[in-house]
Every structure is written in C-alpha cells, then in structure tokens.
Amino acid sequence: MNDLFLRGGRVVDPASGLDALRDVLIRDGRVASIGEHLDPGGADVFDAEGAVVAPGFIDMHVHLREPGQTHKETIATGSAAAVAGGFTAVACMPNTEPALDSPALIAEVLRLARAAGLARVHPIAAITRARAGKELAPYWRLHDAGAVAFSDDGFSVSNPRVLRQAALYARDVPGVFISHCEDGDLKGDAVMNESARSFELGLAGSPGLAEDVGVARDILIGGDTHKPFHIAHLSTAMSAELVRFGRAQGIAVTCEVTPHHLLLADDRFDGFSADAKVNPPLRVANDIAALRAAVRDGTIDAFATDHAPHTREEKAQLLADAPVGFTGLETAVGAYASALPDLPLERFVALLSTNPARILGVPGGTLAIGAAADVTIFAERPWRVDAAAFHSLGKNTPFDGATFARRAIATIVGGAFVMRDGIVAAAVAA
Ligand SMILES: [Zn+2]
C-alpha cells in the first residue's frame with residue numbers, strides 16, 4: 001500500500017479539538033503524523049488546499065437489502081454508494097430477508113462487505129426473531145458475531161413488555177437499542193403525515209403523535225432498564241423535546257435526524273407520486289424548524305440518512321402500494337449542508353463521524369495519530385444531483401435535480417482511496 005500525503009487541507013477533528021490548516025501523512029494505513037509543512041517523503045500527494053479533511057463519515061442508518069432483496073441494493077452497490085457519498089463506514093439495518101437475527105447471517109454480511117472492499121459495514125442485528133416482535137434474539141451471540149447494535153427498524157417493537165424484557169436481557173451486551181418510533185395503531189394505513197395537506201388530498205395520514213408516543217415510551221423503557229437507547233430518524237418537534245426531557249431525568253438516550261426531515265415538508269405530496277413516501281413521514285414547517293434548532297443546540301447527536309433503496313418500478317406503484325423510503329447516501333453531505341449552511345464545521349463533522357462512532361462503539365471518528373486512516377475530504381463545490389448516475393441501485397430521491405453547495409471529493413478507508421473526485425475504486429476482493 002502506498003503512503004498518502006494530504007497537503008494543506010483544513011483538518012477538522014472534533015475528537016482531538018483540532019481545526020487548523022495541516023498536512024496529514026498516512027503510513028501503512030494509519031494516521032502517522034499531522035502538522036505544518038511536513039515532508040511527504042515518497043508518499044502519493046493529494047492536494048487538499050481549500051478542502052476540509054475530516055475523520056471518515058459514518059452513516060449509522062442504512063438499508064443494504066442483502067440478503068434477500070438484491071434487486072433493490074446489494075452490499076457491494078450500497079458500499080459503492082457509501083464511499084461515493086463520502087462515507088467510510090455504514091451500519092446496516094436488519095430488515096433483510098431473512099432478518100439479521102442469527103450469528104450466521106451477521107457473518108455473511110461481514111463476508112460480503114469484505115468482498116466488496118469499499119466501505120466498512122457494521123451490521124445491526126434484530127431485537128426480536130424475524131423482527132416479529134415476539135421472541136428475543138440471542139444478543140450475546142449476535143454481538144460475538146459482529147453486530148454493533150440492535151433494532152427491529154421498519155417497525156417499533158409493538159409490545160412494551162417484550163421490549164422491556166429484551167432491554168433487560170441485552171443490558172450488559174455492548175450495542176445500543178435503536179428505536180424506530182411509530183405506534184402502529186395510531187399510524188394505521190397512513191401513506192403520509194396527517195395534516196392540512198393530507199385532508200386536502202383525502203389521504204390517510206399518520207399524526208405526529210404516532211411518533212411522539214413511541215419516542216416517549218422507548219425513552220422511559222430505556223430509563224427503566226438502564227439499556228442505552230438511540231432514537232432513529234426524529235421527525236417531530238415533540239420528539240426532540242422528549243429527548244431533552246429524558247436526558248434531564250438522567251436517561252441515556254441519543255438520537256439522529258435524516259436530511260429529508262430537515263429539508264422537506266408534506267407539501268411535497270401531489271396525491272399520486274410515492275417519491276416522497278417515507279416512514280416517519282415528511283412533516284410540516286414547524287417540525288423542520290424545531291429539528292434544525294435541535295441540531296444547533298446539541299439535542300441531536302447524529303446525522304443518519306435512512307438510505308432505503310427500491311426499484312423505480314416499486315416506487316412507481318399506486319401510493320398505497322409503493323414501499324417507503326428512498327436512497328440517501330450519495331446526497332447526504334450536500335443535503336445536510338443545505339439544511340444547515342451556517343452550522344459550524346466542527347459540529348458538522350461531529351454529527352457525521354465522531355458521534356456515530358461513539359454511539360455505535362465502532363473504530364473511527366478520529367484522526368488521532370495511530371488511528372486507522374479513514375478520512376473524508378469535502379469541499380464547497382456546487383453540484384447538481386443526478387439520480388440516474390447513482391452507484392446505488394435505488395434511483396429514487398426527492399432531491400433529484402437539486403443543486404447542493406457541498407460535496408465529498410475523496411474518501412479514504414484504511415489508508416487507500418476508495419473514492420477520488422467522484423470516481424469509486426474498483427472493488428478489491430477479500
Ligand atoms: Zn426506521
């Protein structure tokens with residue numbers, strides 16, 4: 001492996017408190033030194049002037065669809081989408097077919113990720129067998145196989161007795177419980193947010209209350225069991241308020257927000273297209289403003305995309321039949337910067353790297369000397385989203401055609417470029 005020399009970038013590493021113009025020397029896949037006017041020696045030089053050099057971005061909420069739904073995405077295509085978007089690592093949700101509820105399936109995901117040879121992939125295992133909400137999964141064995149967290153994402157664990165029991169059994173197992181908070185009964189067969197817009201369109205809506213009730217319940221179960229909970233994809237003003245309440249009680253709770261919930265409201269719905277159909281649904285301006293404020297004041301810990309690829313044919317079905325979600329990995333850096341253009345870079349990097357690494361307990365999230373050289377280099381370079389050119393098999397995004405100001409220009413994993421100027425490296429077989 002060649003040594004790398006990243007010359008003259010603005011190095012932003014919240015973990016070490018560094019924010020300054022520096023050279024970075026990477027040797028044998030690790031950060032060897034950071035300083036001014038370093039000697040590149042024989043290393044390959046990358047000119048990072050005018051760009052930001054950050055610890056590798058980690059998307060802690062993606063759907064890679066393998067095993068079982070490889071027409072939507074594979075671990076290889078999802079890994080390519082990740083590094084194209086500037087992510088050196090992703091954590092993948094277990095709502096595959098079958099669900100990731102056994103050590104053998106966790107091992108298979110890790111094997112496929114190594115074969116893809118691009119991003120690091122951290123599997124999240126199911127909380128209940130087959131995500132059916134009834135029997136507990138074998139948490140220690142899943143952890144030993146490589147699972148970094150537990151979630152039945154896609155659904156809440158609807159029975160609070162089951163979730164409480166699961167949290168007690170898993171309390172001493174490393175790995176947070178990640179909650180998809182939607183009360184299924186309150187949500188019903190909704191296709192969008194319940195609001196003036198849903199009444200106007202005559203569509204079944206899910207009230208913000210469906211999420212708020214779920215968030216409150218899971219925070220309280222976390223407090224009762226002392227199992228750390230992480231609340232996925234906050235979409236309402238009240239959710240953020242509930243996280244603040246939980247913390248004020250001394251409960252260990254963290255949370256994330258997606259780009260779409262920071263940028264888009266339910267006026268995106270025309271009553272026919274499912275392009276904006278997602279769970280939890282796009283809300284209203286008041287929620288967007290509250291979530292942006294929650295990012296600024298530190299309530300939100302992590303940016304996570306909920307990358308949820310589907311085929312064009314699936315998304316083109318009738319609104320009631322079309323699946324929820326859309327791709328996110330390749331637009332996230334631009335979309336987050338667009339939602340919060342004035343967010344300090346130190347905070348931007350913490351939300352995308354330092355904090356997800358800490359919450360998941362995975363390596364990365366720092367450019368400390370000796371750390372594995374996972375690096376994201378990004379710059380203010382306006383670009384236009386072209387979904388047809390995505391590496392992801394999922395070409396649906398509400399951001400298609402949008403212009404964003406910021407983008408990742410290089411992604412380095414373990415000291416090797418896996419994306420450079422938008423070009424993704426060929427997969428290296430494990
Ligand atoms: Zn979810």
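Whatever order the structure lists them in is the order used to number ligands and atoms, beginning at 1. The structure displayed is predicted, hence computed values, not measured ones. Computation of the quantities below employed the complete heavy-atom set of this structure, encompassing side-chain atoms and omitting hydrogens, waters and symmetry-equivalent molecules. Throughout, residue positions are numbered sequentially from 1 according to the sequence presented.
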Next on the checklist: I need the full list of side chain to side chain donor-acceptor pair (under 3.5 Å) pairs touching residues 402-420, with sequence neighbours left out, sorted by first then second residue.
Outcome noted: Glu380-Arg406
Next on the checklist: Checking side-chain polar atoms at under 3.5 Å, does His261 have a donor or acceptor matched by the opposite partner on Asp306?
Outcome noted: no
Item to check | With Asp267 via side chain to side chain contact (heavy atoms under 4.5 Å, CB included) - residues at least two apart | outcome: Ala265
Checklist entry - What is the number of protein N/O/S atoms located under 2.8 Å from the Zn ion (ligand 1)? => result 3
Side chains of residues 81-91: which donor-acceptor pairs under 3.5 Å do they make with residues two or more places apart or in other chains?
unit_1: Thr88; atom_1: OG1; unit_2: Phe57; atom_2: O; d: 3.3

Next on the checklist: For Phe378 and Phe348, I'd like to know if the aromatic rings sit close, meaning centre-to-centre distance below 6.0 Å.
Outcome noted: yes
Item to check | Residues Asp301 and Arg247 bridged, charged N to O under 4.0 Å | outcome: yes
